[in-house]
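Side-chain atoms are counted along with the backbone in the values below, which use heavy atoms only and exclude waters and symmetry mates.
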Amino acid sequence: MNTYRYTPKKVVEENLYFSIPLYQRLFSWGEEQIKGLLYDLKNHFDPSNDDGTPYYLGMLSCIKSNDRYDLIDGQQRFTVMTIFAIIFRDYYKEWDGFLDEGKRLKFISRTKDNEYLAAVINGQTEVFDANRRMDEGKKSIADFMISQFSTGELRTTFAKNVFNRMSFFFSELPSSYVTNPSSLNKYFEAMNAGGKGLEQHEILKVRLLQGEENKEHLTRIWNAVCELNRPVIKRNDVDTEEDYRSKYKQAISLCRNNRFEEAFDLCEDSYDSEDNNEIGSIGAKQYDFKQSLVETGERCLISFPDFLMMVIDLHQNLSGSYSFYRKELLNIYDSHPIDNKQDFYDQLLFYRLLLDYYIVFKEGDESANKYDLIFKAGTSAEALKQYQSMLYVSQTPFYNWLKPTLEKLHNKPAQDTNQLLKWIKHIDNSLHALPKDIDEMTYDKGIDRYWFWRLDYYLWEHNKDYFTEEEERQIVDEYVFRANRSIEHLHPRNQEHNDEWNIEDIHSFGNLAMISQSFNSQQSDDPVTVKFARIMDQANNHALQSIKMYRMYLDAQKSPSGWKVDVKNSHQAKMYDLLVKSYMIEE
C-alpha cells in the first residue's frame, strides 16, 4: 500500500480488500451523520464553486493480514463508502467494481452482516436478518439522491465525482501489532497526543489544552462530560430515586453559584474506577448487543460532537442555525476562539448536568424505544417524557428545541415538570406554524411528517377526550414514540380490491398516518380488510404504530366497510381541530 491519496477509484485499480476486526464496534452511523456527509459532498462538488479539489475523508489506519487489510481505525467511514456504492452504482456503473460482488469488505466473525451486504449487493429480493443501521443508511442515501438532484444527469455527475475525488489516506501499521495489543494501545495514545487521524472533537481536545497550566483537571472534566453513554453522576446501588435526583440538584445548584470544582467532585466521586481494558482483551469476548449500545453512546439523544458544538454556540453567544451546525467543528473553533478555557470547561460541565437531569434518555436495548427522565417533580413527568420523545423522533434538528431549552434552564431552574413542559411547548410552537387550510396538508403536497407526531402526542395527552372506553385509553396510554418515517394511506392508492375514492380523498390528511418503513412495506397496497386486521393486532398487543391510525380504525367502528369518505372527513376535521387547540397552552 502506497502513501499517496486514495479514492474509491484507486481502491479498485489497486485491487485492495479490507476486513473489519471482531473488536470493532457495530456500524453506528445514523441518518444525520450520513446526510451530513452527503450534503458536504454535494456542496463541495457544486458546479457553481467546484475548483477541482478533492474532498478529504481523513486517515484510515490498517494492518496487512494475508490478502486483506484489517481496518483498525476508519471502519465506519469505509462501511458508509460501501453503502454509497450500493446506491450510486445505479447512476455510475463503476461503483460496481468497488463492491466487487460483495468481496471488497468483510466483517470478521460477523456472518449476518456479511450475508446481508452480499444479498443486497447481489440483488437478492428477500434479505433475512437485515442490518437495521445499514438498511436505514441505504434508504437515506437513496432519498437524498432523488430529493437533492432533479435529473438523472446530475445524479450521475455527483456519483462520478464521489467515486473519483472523495479522498482518504491509509496509515499502514506493522503486522506485529496484531499479536501485540499493547503496541496498538500505544499507537492510539500517540495519535491522541499528536492530534493525527482523530475525530475533530478529539483534535479540539488537544488544542484547547495548549498553553493551559491546569491540564490534568480540565482533561478530567472533558473525559467525564464526553461519555454520553453513561450519566455524568453515577447512581449507586443504595441510592433511592430521590437520593439520586438530589445529587443532580446539588451539583446544578453548585454550578449556579459558580462552585464548579465542588460540582465536579460530586461527578467524579460517583465513579470508583475507570475501565482500562486493552484492545486485545476486547477481541476475546463474545459480542454483546446491549453492551454495544452503551459503547456507542445510544443512551443520549445527541452525540458528543453535537453537544460540544452546541455548548460552543451557547458559550460564545453565536446564535447558530442550520449553516452553523453544518460547519466543521475545528473551523467553528478557529472562527470563534475561546479565550477563557476554564470558564468554557465549567460551562461544559454545567450544560452536561442540565442535559442529564432535564432531558430524556434512552434506556434498554434500542429496539425497545424506551425513554426515561431523572427530573420528575410535579404532575407532568410522563407528559414531559412523551413530548421530548416526540421532538426527538420527529427529526426536528436537535438544536432548534434542545438549545433554547438548555439555555433557559441555564438561566433559570424549572420549578417542576409542569413548567418545563410549558417552556418546551412554547419553543416548539414558535418553530412550527400550523397551515391555515387543511387542504394544504396532503400527501401530494408533501405534508410535513412532524404533524403526525405532534397529533399523536396530543391524542395521547387528551386520550380521555378522544377515547371513550377504558381499554382504548390504556392502549393509547402505553404508546411509545418511534422514529417512523413512512406515510400510510389507510384507504390504499391501489383500489383494485376496495371502493373507489377520488384521488384527493386518498391523499387527504384524514386518510393518512405515520408508520414504520418496515410496516409500510408489509402493508403495501393491501386492501383495507387486511390493514384493519393488522391494526386490531397492534391494539390487542398494546403496540400501536400510530395513535391517529388507531383513531381512524375506531372511527370506522373497527370495520373495513366503515371507512368511508364521510367518516374520513369527520375524522379529519376533528384531528385538525385538535392541532389548532394544541397551540393554546394554559398558563
Side-chain angles (χ1 to χ4, degrees), residues 360 369-371 373 376-394 396 401 405 414 416-436 438 441 447-482 484 488 490 508-515 535 538-539 542-558 563 567-587:
V360 294
N369 289 284
K370 292 182 179 179
Y371 304 89
L373 187 68
K376 292 181 179 176
T379 59
S380 298
E382 193 65 22
L384 179 63
K385 182 175 74 174
Q386 288 284 71
Y387 204 91
Q388 290 189 24
S389 302
M390 181 272 288
L391 290 176
Y392 168 63
V393 302
S394 66
T396 302
W401 69 272
T405 299
D416 53 29
T417 54
N418 311 52
Q419 185 180 55
L420 181 54
L421 179 61
K422 289 177 184 177
W423 286 356
I424 295 178
K425 283 183 175 181
H426 279 298
I427 290 168
D428 186 35
N429 287 353
S430 70
L431 297 171
H432 296 93
L434 181 67
K436 294 181 179 179
I438 188 66
M441 302 172 67
I447 182 173
D448 188 340
R449 287 164 168 80
Y450 164 81
W451 299 116
F452 295 105
W453 278 297
R454 182 183 178 107
L455 184 57
D456 274 355
Y457 170 80
Y458 280 98
L459 281 169
W460 174 87
E461 186 180 72
H462 297 281
N463 68 73
K464 291 182 180 178
D465 298 327
Y466 289 87
F467 299 91
T468 57
E469 301 294 330
E470 179 59 35
E471 183 181 4
E472 295 170 2
R473 291 196 290 269
Q474 185 178 353
I475 291 168
V476 169
D477 192 56
E478 295 178 23
Y479 177 74
V480 177
F481 282 96
R482 295 172 175 82
N484 297 336
E488 166 70 356
L490 185 53
S508 64
F509 182 68
N511 190 48
L512 306 175
M514 279 287 295
I515 61 175
I535 299 170
Q538 290 175 19
H542 291 217
L544 297 179
Q545 287 263 328
S546 160
I547 301 180
K548 182 183 187 296
M549 181 169 280
Y550 184 48
R551 185 61 265 169
M552 294 158 78
Y553 167 79
L554 295 176
D555 286 345
Q557 304 297 313
K558 304 181 183 180
W563 190 240
V567 175
K568 181 269 298 182
N569 289 339
S570 174
H571 165 82
Q572 176 172 282
K574 291 176 184 176
M575 296 302 97
Y576 185 74
D577 181 61
L578 176 55
L579 285 174
V580 172
K581 290 178 179 176
S582 73
Y583 283 81
M584 305 171 189
I585 303 172
E586 294 182 6
E587 298 300 335

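For Glu488 (side chain) and Ile515 (main-chain N/O), no donor-acceptor pair under 3.5 Å exists by modelled atom type. Judged by distance alone, with hydrogens and angles left aside, the side-chain atoms of Lys548 form a donor-acceptor pair with the main-chain N or O of Leu512 at under 3.5 Å. A donor-acceptor contact shorter than 3.5 Å links the side chain of Ser430 to the backbone of Ile427. Judged purely by atom type and a 3.5 angstrom limit, Gln545 has no side-chain atom pairing as donor or acceptor with the backbone of Gln538. A donor-acceptor pair is defined here as one N or O able to donate and one able to accept, closer than 3.5 Å; no such pair exists between the side chain of Arg473 and the backbone of Asn463.
Across Ala539 and Tyr550, no two heavy atoms sit closer than the pair CB-CE1, 3.7 Å. Here the closest heavy-atom approach between residue His432 and residue Tyr583 is recorded as O-OH, 2.6 Å. The two atoms that bring Lys568 and Gly510 nearest to each other are CG-C, 3.6 Å, heavy atoms only. The minimum heavy-atom distance between Ala556 and Trp563, with the atom names listed, is CB-N, 3.6 Å. The heavy-atom pair separating Leu373 from Val360 by the smallest distance is CD1-N, 3.7 Å.
Partner of Ser582 under the side-chain hydrogen bond (donor to acceptor under 3.5 Å, both in side chains) criterion, chosen from His462, Arg454, Glu461: Arg454. If you run side-chain hydrogen bond (donor to acceptor under 3.5 Å, both in side chains) between Asp428 and each of Trp401, Trp423, Tyr450, only Tyr450 comes through.
Val476 places none of its side-chain heavy atoms less than 4.5 Å from the side chain of Tyr466. A 4.5 Å side-chain heavy-atom check between Asp456 and Met390 finds every atom pair outside the cut-off. Side-chain contact between Trp451 and Leu434 is present, with at least one heavy-atom pair separated by less than 4.5 Å. Leu455 is not listed as a side-chain neighbour of Ile547, based on a closest heavy-atom distance of 4.5 Å or more. The side-chain heavy atoms of Leu554 and Thr468, taken from C-beta on, include no pair separated by under 4.5 Å. Under the 4.5 Å side-chain criterion, counting only non-hydrogen atoms from C-beta, Leu459 is in contact with Met575.
Using the six-membered ring where Trp is involved, Tyr458 and Tyr387 have ring planes that are perpendicular, over 60° apart on the 30 and 60° scheme.
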For this session: Go through the steps for Asp416 and Ser380 under the test side chain to side chain donor-acceptor pair (under 3.5 Å), then give the verdict.
Result: CA-CA 8 Å; Asp416 53 29; Ser380 298; over 6 Å; no

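Checked against a 6.0 Å centroid threshold, the rings of Phe481 and Tyr479 count as neighbours.
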